[in-house]
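Working notes, structure below.
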Amino acid sequence: MKSELTTLKANTLQGIAEAKDDHTLKQIDINILGRKGQLTDILRKLKDLSPDEKKTVGKLANEVKTDIQIALENKQKQFANSELEKSLNEDWIDLTAPGKTTQTAGSIHPLSQLQKHVEEIFSEMGFSIMDGPEAESEYYNFEGLNIPKHHPARDMQDTFFLKEKHSTDGGRTVLRTHTSPVQVRTMEKYGAPLRVIVPGRVFRYEATDASHDSTFNQVEGLLVDKGISLAHLKGVLAQFLSRAFGQEVTVRFRPGYFPFVEPGLEVDFSCLICKQEGCRVCKKTGWVEFMGAGLVHPNVLKAGGIDSEVYQGWAFGFGLDRLLMMRHKIDDIRHIHGGDLRFVRQF
Ligand code: PHE
């Protein structure tokens, strides 16, 4: 049995030394050390030997097993190393190749670009930029603007009410339906004289179509000073629109109704598409409806803590989305917040 073991060892080690690949090594492993392998066979026969023989032969058998295992492992390592060496030699990376683009740079949304432009124009005319909360108290959105509860004028603006009571006055909380609530907030905070614009997001509970969205953007304007008249408003608006469109624009006033101004106005500007010849955009009138405006109602000045006997003012509010649509001939307001990159990337 001893000679059987030494021959097996010699043959196996030779086989391992001559092996050309990993697969051959695995085969040897199975044939010799596996469950039905040659060495396993011999070990199984140990039980038939006398106790003395068992001792010496058993010891030898274990040594043979360990030697074979070590030889297998060493050869396997050798194969793995040469594999690595091969890939180090053959595979290569071109460090000078240009990188692959996986991220594209973002850009400023067209609406934000226009808002910035509007802010610049008004800033240069001495206006400050104000901000106010989107979740507004019912008071600032309505009562403070001379729109009492149950007044039919409330129906002009369909409103989203939030479940939470307003944190400062405990009244109802609304998603502001216009930027006008910031008029009273600003008067309370800074007093007269004042010259501000308020760009901001507003919300109305209404069905959407190509020219209406439930979320849109307005720019409020408010000027309070002594000896103020509508002539100043007309001048400021003509100046603003001419700069925004990069060409001479004229402005026309029509009577309109808003509870927080008296007199109230609808403001139109000259149609830029047809140069006032009459077209589809201006419905053949030569004028495009643009915004609401008027002289600030004395009740609103009072709500803002300003003495209407001493100060007068005017206010306006226009839709920033509408202005963007006119500027770029966008035919559906829903594109603006639609999040479609094919739309946004055009600007
Ligand atoms: N807040 C009004 C609206 O949303 C617009 C407006 C503002 C009218 C200021 C007059 C003065 O319709």
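In what follows, every heavy atom counts, from backbone to side chain, and hydrogens, waters and symmetry copies are set aside. Order of listing sets the numbers, starting from 1, for every ligand and every atom in it. We count residues from 1, following the sequence as given.
In the hydrophobic clustering (ILVMFWY side chains linked at under 4.5 Å, chained through shared members), I70 stands by itself.
Pairs of residues two or more places apart, or lying in two chains, that qualify as salt bridge (Lys or Arg N to Asp or Glu O under 4.0 Å) and include a residue from residues 54-75 are K9-D67.
Between H178 and F260, the ring-plane angle classifies as perpendicular under the 30° and 60° cut-offs. A tilted orientation is assigned to the rings of H109 and F343, their planes being inclined by 30° to 60°.
Among the candidates K149, R172, K302, the single residue satisfying the salt bridge (Lys or Arg N to Asp or Glu O under 4.0 Å) test with E143 is K149.
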Please produce the table of protein N or O atoms sitting under 3.5 Å from N or O atoms belonging to ligand 1, one pair a line, distance to 0.1 Å.
from: ligand 1; atom 1: 1 (N); to: H178; atom 2: ND1; distance (Å): 2.9
from: ligand 1; atom 1: 1 (N); to: S180; atom 2: OG; distance (Å): 2.9
from: ligand 1; atom 1: 4 (O); to: R204; atom 2: NH2; distance (Å): 2.9
from: ligand 1; atom 1: 4 (O); to: Q218; atom 2: NE2; distance (Å): 2.9

For residues 226-238, dump all side-chain donor-acceptor pairs below 3.5 Å to protein atoms at least two apart in sequence or in another chain.
from: S229; atom 1: OG; to: A231; atom 2: N; distance (Å): 3.1
from: H232; atom 1: ND1; to: S229; atom 2: N; distance (Å): 3.0
from: H232; atom 1: ND1; to: S229; atom 2: O; distance (Å): 3.4

